[in-house]
Amino acid sequence: MTGKNDLPLAQRSDADLPGHWLLARLGKRVLRPGGLELTTRLLAAARISGADVVELGPGLGRTATDIAACGPRSYVGVDDSSTTSGPLQKVVADTGGRLVAADAASTGLEAGSADVVVGEAMLTMQGDKAKQAIVDEAFRVLRPGGRYAIHELGLMPDQLADDIKDDIRRQMARAIKVNARPLTVAEWTELLTGAGFEVVTVERAPMALLEPRRVIADEGLLGALRIVGNVLTHPAARKRVLHMRKTFARYRDHLTAVAIVATVPAAESK
C-alpha cells in the first residue's frame, strides 16, 4: 500500500508537503534561512567567478541563478529529486552546465573535480550520519584549496542546553513535516573541521524566513503579494504557514541563519 508520504511531491496535499516544498508551491522562490542577502555574502566569500562549481540539492534553481550570475567556469547540479525542475533546467541550459541525478552523499563525481561546492538549506534537513556523509563527499569532490560553502539553520547560543535543542527540533519537525536537525554554529564548525576542512568565514543573519520585511526583500513586492494571495485562497496551506511562522517566532531567540565557507587544505592530497 502506498502511503501519502510516498506520493510524488506534486501529488501531495498542502497538509502533507514538507514545509519548503509547500512554500515553493505558494510561489516562494527564496527558501533559505538567512534570505537572499546572506546567500549573496556566502557566494562572494566562496569566490565563484571562474571556478568549477558543484551545487548539492539545487531544488528549483534559485541559487543556481545566483551562481550563474557570478560567472563560474562550469556548473554541475546534483539532486536526487529535482533534476526535472523546469526553472532549474533553464538555468543549467543557459550556463552550459549539467545535472546529475544522485544523492548528495554519493554524487558519482570525480574526486578533486571542483573548486567550489555549494549547499544551501539542505544539511539541516539531514540526520547526523547523513550530514557527515555529505560533508565527506564535498571534501572528496573538492580540489586542494577548494571551498565548501553552506547556508544553514543554526541554534544559539553555542552553550544552548540539550533539552532546549531537542524541544526546538521536535516542534520544528511538526511544523515543517521534515525531521530538521539544526546545529549551533560551534557544532556546524566542528562538523566541517572533523571532515578535514579549515573554516575561513562564518557569517550570520536573523532567521526571518516568513517575516513580511524579509519576504518582500527576497521576492519583491509583487512576488510577496502573489504569495499572500495564494496563502489566503488555500486554507490548508494557510494553516500550515501560520503554524510554521508561530514556531519560528516562538524560538526566535534561539534561531539564526549561518553561512560558512571552509576550505580543503592546500597541501591535502586526494
*Should L155 and I164 count as side-chain neighbours, where that means a heavy-atom distance under 4.5 Å?*
no

*State the CG-OG distance between D52 and S74, to the nearest 0.5 angstrom.*
3.5 Å

_Min side-chain heavy-atom separation T39-E120 under 4.5 Å_ = yes

*Go through the steps to decide whether Y75 and E55 satisfy the test side chain to side chain donor-acceptor pair (under 3.5 Å), and finish with yes or no.*
CA-CA 8 Å; Y75 172 87; E55 184 183 7; 2.6 Å; yes

*Beyond-backbone contact of M172 with I168, side-chain heavy atoms, under 4.5 angstrom*: yes

*Please examine the side chains of P157 and H254, heavy atoms only from C-beta on, and report whether any two atoms are closer than 4.5 Å.*
yes

*Step by step, would you call R170 with D166 a salt bridge (Lys or Arg N to Asp or Glu O under 4.0 Å)?*
CA-CA 6 Å; R170 279 194 301 270; D166 291 341; 5.1 Å; no

*Roughly how far apart are K28 NZ and L210 CG, rounded to 0.5 Å?*
7.0 Å

*Check for a donor-acceptor pair, side chain of H151 on one end and backbone N or O of G34 on the other, with a separation under 3.5 Å.*
yes

*asked:* I'd like to know if the side chain of D158 and the backbone of T184 have a donor-acceptor N/O pair within less than 3.5 Å.
replied: no

*Determine the minimum heavy-atom distance between D128 and R181, stating which atoms define it.*
OD1-NE, 3.7 Å

*Below 4.0 angstrom, N of the basic side chain to O of the carboxylate: do R140 and E137 qualify?*
yes

*asked:* Among residues at least two apart in sequence or on other chains, which ones pass side chain to side chain donor-acceptor pair (under 3.5 Å) with D136?
replied: Q132

*Checking salt bridge (Lys or Arg N to Asp or Glu O under 4.0 Å) for the pair E152/K131: CA distance, chi angles, key distance, verdict?*
CA-CA 12 Å; E152 299 292 341; K131 279 182 174 68; over 6 Å; no

*Is there side-chain contact between L60 and W21, with at least one heavy-atom pair below 4.5 Å?*
yes

*Would you check, one step at a time, whether the test side-chain contact (heavy atoms from CB on, under 4.5 Å) holds for T201 with I260?*
CA-CA 6 Å; T201 65; I260 302 176; 5.9 Å; no

*asked:* Assess the residue pair D79 and L56 against the criterion (side-chain contact (heavy atoms from CB on, under 4.5 Å)); give the C-alpha distance rounded to whole Å, side-chain angles, the decisive distance to 0.1 Å, and a yes or no.
replied: CA-CA 6 Å; D79 201 304; L56 302 178; over 6 Å; no

*Would you call R143 and D115 a salt bridge, taking side-chain N to carboxylate O under 4.0 Å as the test?*
yes

*Between the side chain of R214 and the main-chain N/O of P33, is any donor-acceptor distance below 3.5 Å?*
yes

*Would you say V117 and F197 are hydrophobically clustered, going by side-chain heavy atoms of ILVMFWY under 4.5 Å?*
yes

*Would you find a donor on one side and an acceptor on the other, under 3.5 Å apart, between the side chain of S106 and the backbone of D103?*
no

*Do V54 and M122 sit in the same hydrophobic cluster, where Ile, Leu, Val, Met, Phe, Trp and Tyr count as joined when their side-chain heavy atoms come under 4.5 Å apart?*
yes

_So which atom in D14 and which in A236 form the shortest heavy-atom distance, rounded to 0.1 Å?_
CB-CB, 4.0 Å

*L88 and A64: which non-hydrogen atoms are nearest, and at how many Å?*
CD1-CB, 4.0 Å

*Quick check: does any side chain N or O of H234 sit under 3.5 Å from a backbone N or O of N230, one acting as donor and the other as acceptor?*
yes

*For residues R245 and P212, report the shortest heavy-atom separation together with the two atoms involved.*
NH2-CD, 3.6 Å

*Does R226 reach the main-chain N or O of G27 with its side chain, forming a donor-acceptor pair under 3.5 Å?*
no

_Rounded at 0.5 Å granularity, tell me how far CG in L183 sits from OG1 in T124._
7.0 Å

*Less than 4.5 Å apart, any side-chain heavy atom of V241 and any of L23?*
yes

*CA sep, side-chain torsions, deciding dist, call: E219, R29, salt bridge (Lys or Arg N to Asp or Glu O under 4.0 Å)*: CA-CA 7 Å; E219 311 292 342; R29 295 200 65 212; over 6 Å; no

*CZ of R98: more than 12 outside heavy atoms within 6.0 angstrom?*
no

*Less than 4.0 Å between a side-chain N and a carboxylate O, is that true for K177 and D16?*
no

*Would you indicate whether the side-chain heavy atoms of V100 and T107 approach each other to under 4.5 Å?*
no

*Where do P265 and F139 come nearest, in terms of heavy atoms and distance?*
CD-CE1, 4.2 Å

*Measuring from L160:CG to K165:NZ, what's the distance to the nearest 0.5 Å?*
6.0 Å

*Side chains of V118 and V53: closer than 4.5 Å at any heavy-atom pair?*
yes

*Please answer: with hydrophobic residues joined when any side-chain heavy atoms are less than 4.5 Å apart, are W188 and M156 in the same cluster?*
no

*Any donor and acceptor pair, going by atom type alone, linking the side chain of D218 with main-chain N or O of L36 inside 3.5 Å?*
yes

_With rounding to the nearest 0.5 angstrom, report the CG to NE2 distance, L209 to H20._
11.5 Å

*asked:* For R238, I'd like to know if atom CZ has over 12 heavy atoms of other residues, nucleotides or ligands within 6.0 Å.
replied: yes

*To the nearest 0.5 angstrom, please state how far the CG atom of L153 sits from the CD1 atom of I176.*
8.0 Å

*Worked verdict on T193 versus E198 for side-chain contact (heavy atoms from CB on, under 4.5 Å)*: CA-CA 6 Å; T193 56; E198 296 177 351; over 6 Å; no

_T233 versus P235, closest heavy-atom pair with distance_ = O-CD, 3.7 Å

*asked:* Working note: L22 + M244, criterion side-chain contact (heavy atoms from CB on, under 4.5 Å); need CA distance, chi angles, decisive distance, verdict.
replied: CA-CA 11 Å; L22 174 67; M244 285 189 280; 4.0 Å; yes

*Hphob cluster co-occupancy, I48 + V200, side-chain heavy atoms under 4.5 angstrom*: no

_Same cluster (ILVMFWY, side-chain, under 4.5 Å), V199 and L123_ = yes

*Taking T263 for the side chain and Y148 for the main chain, is one N or O donor matched with an acceptor at less than 3.5 Å?*
no

